[in-house]
Structure formats: structure tokens, C-alpha cells
Amino acid sequence: MAIGVALTVLVVGLMFASGLSRGTTAKRKYIVWGTTTILIIAPFFSWVVSVLYAISQEEGFAGVALMMLLFPIFFLIGLVTLLTGVFKKESVNKSI
């Protein structure tokens, strides 16, 4: 039941982010996907993968260790994506 709720939140969050980033500039896409990665993908995806791994191995500590590895990796990926969007320069096409 808890895995289903986490997967539902993950899918709804990805659909929401996809809708927000459709038809926008590259800068806004980086910001939206960076925020989505930090707030939705990192915690929920790492939790689901860790719980499924812990169940398959029948070892809870393995799941906790995997979560301690996955969460910071996804968080840093999201942070880099967000900062790329924040500091990205908008390209201005000046036609004469």
C-alpha cells in the first residue's frame, strides 16, 4: 500500500512537471525539472527502490544503506539542474 502511494505521488509529480515545462524556455525547464528532482524524484524514487531492495534481500539495513546512497545522488543531480537553470543566460536574437 505504501509503495503504491509513493509511486502515485511520483507519477503525478512527473506529470505536473511535464505540464509546467511544456512550451517554455530552456531556463524555465531546467528550473522546473531541478525542483522536481529535488522535491519529488529524490525522496520518493530512492525510498521505493530501497524498500523493494530491502524486501528482496530480506535485510532492512541494506535498504537503508541504499537509500543513504541514492537520495544524495539524486538531490545533487537536481541541485545542479536547478542551478543551471537559475544561472543560465537567455539567448537574445537581435535582428537588424
Same cluster (ILVMFWY, side-chain, under 4.5 Å), [X] and [Y]:
X     : Y     : answer
Leu83 : Leu39 : yes
Phe16 : Ile41 : no
Ile40 : Val11 : no

Pairs touching residues 41-58 that satisfy side-chain hydrogen bond (donor to acceptor under 3.5 Å, both in side chains), sequence neighbours left out:
none
Output all residues satisfying side-chain contact (heavy atoms from CB on, under 4.5 Å) with Leu52, sequence neighbours left out; order by chain, then residue number.
Ile3, Val48
Does the pair Leu82 and Ile38 meet the rule for a side chain to side chain contact (heavy atoms under 4.5 Å, CB included), with working shown?
CA-CA 9 Å; Leu82 178 66; Ile38 290 172; 4.1 Å; yes
What donor-acceptor contacts under 3.5 angstrom involve side-chain atoms of residues 59-79, with partners at least two apart or in another chain?
none

Which side-chain N or O atoms in residues 25-34 pair as donor and acceptor under 3.5 Å with protein atoms at least two apart or in another chain?
residue: Thr25; atom: OG1; partner: Arg28; partner atom: N; Å: 3.4
residue: Trp33; atom: NE1; partner: Ser21; partner atom: OG; Å: 3.1

If you look at every heavy atom in Thr36 and Ala17, which pair is closest and at what distance?
OG1-CB, 3.2 Å
